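As the structure is a computational prediction, the values presented were derived from the model and not from experiment. All chains are named by letter (A, B, ...) in the order of the sequence lines, taking the proteins before the strands, and each is independently numbered beginning at 1.
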Protein chains: 2
Amino acid sequence: MGSSSSRLNILETASKLFQVQGYHATGLNQIIKESGSPKGSIYYHFPEGKEQIALEAVEYTGKIVREQLNKTLTASADPVESLQSVVQHLVDHLGHPEDVEGVPIGLIALETCSMSEKLRKACSEAFTSWQRLFADKLIENGFKQDRARELGILLQCTLEGALTVSVTQDNSEPLRILKEQIPLIIKP
Amino acid sequence: MGSSSSRLNILETASKLFQVQGYHATGLNQIIKESGSPKGSIYYHFPEGKEQIALEAVEYTGKIVREQLNKTLTASADPVESLQSVVQHLVDHLGHPEDVEGVPIGLIALETCSMSEKLRKACSEAFTSWQRLFADKLIENGFKQDRARELGILLQCTLEGALTVSVTQDNSEPLRILKEQIPLIIKP
DNA sequence: TAAATTATGACAACCGGTCTATATAATTGT
DNA sequence: ACAATTATATAGACCGGTTGTCATAATTTA
């Protein structure tokens, strides 16, 4: 099959590195060194090179975050409460970039969106899938479909931004403020 | 003196490139080529190399955005209206990355915040200065100081996020949604 | 003119992604 | 069972581009 264990190993390592360091700061040498794989394996498993690895890494991260998000969103029935849990989860993992969860795809998205249409689309679809998760939660709780879609987009954007600023300022305050304002934002 | 015209020229070129492409994707060769300056000038004007250029570029961009922001915010007395103008301004300049205005510092912030404390701090201070501008506008219009500070942070984060997602999705919808929701977000 | 400052382009050391050439394992045919 | 062929896996060489240095030229100042 096309998917050996070493392939997945490379992909997981690459995903973490791309999230934390970004596309250009992450070299193939670093990926193979940290994953313990031999150099030659890269172009065997990913014949199209770095761009292919990044593409699959974005899709992979998109899925991981989707699952984590889904778990947190279904933990409570109340949309406000569960969304606040999502934010709190980000706060908790702020200083631990070794945990993949919570570090966004925003960096690689901004880096590549004006460079590779393939990568741009992959990032865009990850964003959209997260937005849809938020919207669905609101629809379940009686929001009209159009309104839920709007709020899903707004919430995902706001999360992305607050996370960016919190990381940059090395301070969870932006995320904590967002958490407190969620009841105000989620209004039918 | 330390500030010749060629120095400023290099700085302006570098600022644009760092904003659009990011830190690691922008090489010194590209900076000197696009600015028309000779290679040697870089290390004459910026003896500490790339990191120094990036640092000054972030400070420079922070100031430019601050001025543009201030202009737009003072155009209308009503805070909702003027904030919506800020968002509209971003929408208008979405597809024109050649205009510096509107392209954020988010990319270089995410790229460098886990790499250089100096750069992280510079980006952080740019963010803070923008947040303060929003907060001041609200204070002028009767908001309590603490509440205005909260909202200033929230607004700047949300703008950053919506811009990131709009650029990535090549679609101004996230920004347009944010614009419509501003009256809802700005509540005392 | 002499000295000090300002400015410059050629050069070196290095690191990146890519690819080729080769070794090992699996599969197939006879 | 053994040979031939294909598939899998790997190490290292290559080329282009990166940052940074430095000896020297141009310009200003005394």
Encode nucleotides 11-19 of chain D as B, S and - characters from 5' to 3', where the letter depends on protein heavy atoms closer than 4.0 Å: B to the base, S only to sugar-phosphate, - to neither.
BBB----BB
Starting from [atom2] on [N], measure out to [atom1] on [X] and report it in whole angstrom.
X	N	atom1	atom2	value
R7(A)	dT10(D)	CZ	C1'	17 Å
I32(A)	dT18(C)	CD1	P	14 Å
M115(A)	dG17(C)	CE	P	11 Å
Y44(A)	dA9(D)	OH	P	4 Å
E48(B)	dG20(D)	CD	C1'	13 Å
I10(A)	dG17(C)	CD1	C1'	15 Å
F46(A)	dA9(D)	CZ	P	12 Å
I42(B)	dT21(D)	CD1	P	13 Å

Is K118(A) salt-bridged to E48(A), cutoff N-O under 4.0 Å?
yes
Those residues at least two apart in sequence (or on a different chain) that pass salt bridge (Lys or Arg N to Asp or Glu O under 4.0 Å) with R66(A) are none
List for me each residue that meets salt bridge (Lys or Arg N to Asp or Glu O under 4.0 Å) alongside E117(A), sequence neighbours excluded, and say none if there are none.
R120(A)
Among all residues two or more places apart in sequence or in another chain, which pass the ring pair (Phe, Tyr, Trp, His ring centres under 6.0 Å) test with F127(B)?
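Residues passing ring pair (Phe, Tyr, Trp, His ring centres under 6.0 Å) with F127(B): W130(B).
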Residues two or more places apart in sequence or in another chain: which of them pass side-chain contact (heavy atoms from CB on, under 4.5 Å) with E173(A)?
N171(A), R176(A), I177(A), R149(B), I153(B)
Co-members of the apolar cluster containing L110(A) [side chain, <4.5 Å]
L107(A), L107(B), L110(B)
